Amino acid sequence: MEILNNLALGVSVAFTIENLMYCALGVTIGMLIGVIPGVGHLAAISMLLPLTYYVPATTALVMLAGIYYGAQYGGSTAAILLNLPGTPSSSVVCLDGYPMTKQGRAGVALFMTTIASFVGSFITVIVLAAFAPPLADFAIAFNSADYFAMMLLGLVAAAILVQGNPAKGLAAVVFGLLLGIVGTDVSTGIQRYTFGLTFLYDGLNIVAIAMGIFGVTEVVANVGKVIQVKSDQKITFRSLLPTRRDLKESFFPILRGTGIGTGIGVLPGTGTSIGSFIAYAVEKKVSRHPEKFGKGAIEGITAPESANNAAAQSAFIPTLTLGIPGDAVMALMLGALLIHGITPGPSVISDNPDLFWGLVISFLIGNVMLLILNIPMVGLWVRLLKIPYPILYPSIILFIVIGVYSINYSDMDIMLVALFGVIGCVFLLLGFEPAPLLLGFILGPMMEENFRRAMLLSRGDLMVFLDRPVSATFFAMIAALIVWSIYSAIRKKRVAVAKEF
């Protein structure tokens, strides 16, 4: 009965004119960003963060979340039609989506990915509504030592599970932690790393950091790229209709992909791409005809697409219930909460039930909107790919500058965007992932606060982190992750040496 009351509260919040309008805006922008390769939802969310200052917290999260899962829908459109993944998680869809296009089955591929995306999202939203509140109730019993250990686990996982060198991921996390302590110490009032600059007394602006390392860096990384758009295949209503065999062969892959994506999305530091690739690998493994994968197998697009969208939705579970962002997008969501003075953690659901349940219902509304937007407007999305990059990217830079300046009307914020744009480019050249930096910046102040509180309560005894079963379990998981990372690095090196001989 209680969950029905909560859902009724969510309906009353989500179906307001303002929230419906911003939900539609978010999913439409997300679709657009997902279709156009090279822009990315991180850059789009960073650019629109300034809007969160002028709307309620629920409305802000509804819009930002819509951009996130809307981009997951749009990313598969360019992947199928042009072999150009709009988002990294859509890369695996190219393997079988583009061969289907060459076989004249682009309409079926687009229709089935839309259905797979909708089913994956819908089931995961139900999981979110069912399991997030009990998880939050359990987490309320955590003390400061438990919170510190949990946040440390999130940062270590985010650093180690990044693509590339885990040591570089850890270095990015540490850099983010250092950026997070810039400003006035709330406990002592001492200025830290401000260098006498008054605009740093309140700390660094999260919007400037996000816009710099994601928005500006994306633009610079794609300068000079030329994408030839050659897709004359017409998508008619008849061409969208799948056969009975297509539906039969997609049923269980969609369910398996949804389960994999939901499980992967809950884990910190994983993201949607890992879920998509694991779902594809699983389908190829369990298939009776693995040789057809890569040649236009319907399971090769429906399983990863359902996993992709399920992971995007389930990532909100640890973010909203524990205050632990799984990736950079979720860190920006936490940043939006902090902008509105809402402290992330288990108390979000109990203290702000309208925000949580309104967001849950908006997920359902947004996915229905995307179902309507995706197929009838395929022609429009494809034509967007023909926008010349010399026009598109300068426009993005202009929006970034206007957006960051509109927050505090400060020239220094624009300078910070430029500075972090340079840092983002350096990260790109050196092979560093920028996402762990943002996670460290968001979680750093909260970790410091909980560490200090734990030390005060234990009178400086570090064993407090191992005496409690919860924090001890988290530290055991941290140790296991580090050992696994070292073992994997040694094994890769041995394989590389063996190949040389």
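Computed from a predicted model, the values in this text were never measured in an experiment. Computed over heavy atoms, backbone and side chain alike; hydrogens, waters and symmetry mates excluded.
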Check the surroundings of atom CD1 in Ile17: do more than 12 heavy atoms from other residues, nucleotides or ligands lie under 6.0 Å from it?
no
Step through the shown structure and confirm whether more than 12 heavy atoms of other residues, nucleotides or ligands are within 6.0 Å of CZ on Phe122.
no
First locate atom [atom1] of [X], then atom [atom2] of [Y], and finally report the distance between them rounded to the nearest 0.5 Å.
{"X": "Ile478", "Y": "Leu153", "atom1": "CD1", "atom2": "CG", "value": "5.0 Å"}
{"X": "Gln313", "Y": "Leu128", "atom1": "CD", "atom2": "CG", "value": "8.0 Å"}
{"X": "Leu337", "Y": "Leu320", "atom1": "CG", "atom2": "CG", "value": "7.0 Å"}
{"X": "Phe118", "Y": "Leu364", "atom1": "CZ", "atom2": "CG", "value": "7.5 Å"}
{"X": "Met477", "Y": "Trp484", "atom1": "CE", "atom2": "CH2", "value": "13.0 Å"}
{"X": "Trp357", "Y": "Asn5", "atom1": "CH2", "atom2": "CG", "value": "10.5 Å"}

Considering all heavy atoms, the nearest [X]-[Y] contact:
{"X": "Phe363", "Y": "Ala65", "value": "CE2-CB, 3.6 Å"}
{"X": "Ser314", "Y": "Thr262", "value": "OG-O, 3.1 Å"}
{"X": "Val62", "Y": "Ser362", "value": "CG2-OG, 3.5 Å"}
{"X": "Leu64", "Y": "Ala336", "value": "CD1-CB, 3.9 Å"}
{"X": "Asp96", "Y": "Lys295", "value": "OD1-N, 3.4 Å"}
{"X": "Ala57", "Y": "Leu355", "value": "CB-CD1, 3.8 Å"}

Side chains of [X] and [Y], heavy atoms from C-beta outward: is any pair under 4.5 Å?
{"X": "Val360", "Y": "Val125", "answer": "yes"}
{"X": "Lys248", "Y": "Arg244", "answer": "no"}
{"X": "Thr302", "Y": "Asp246", "answer": "no"}
{"X": "Leu247", "Y": "Met112", "answer": "yes"}
{"X": "Ile209", "Y": "Leu437", "answer": "yes"}
{"X": "Ile123", "Y": "Leu255", "answer": "yes"}

Plane angle bin for Phe427 and Phe432 - parallel if under 30°, tilted between 30 and 60°, otherwise perpendicular
tilted
For [Y], does its backbone N or O pair with a side-chain atom of [X] as donor and acceptor, under 3.5 Å?
{"X": "Thr217", "Y": "Gly212", "result": "yes"}
{"X": "Ser287", "Y": "Lys284", "result": "no"}
{"X": "Asp354", "Y": "Val13", "result": "no"}
{"X": "Ser306", "Y": "Ala303", "result": "yes"}
{"X": "Thr319", "Y": "Phe316", "result": "no"}

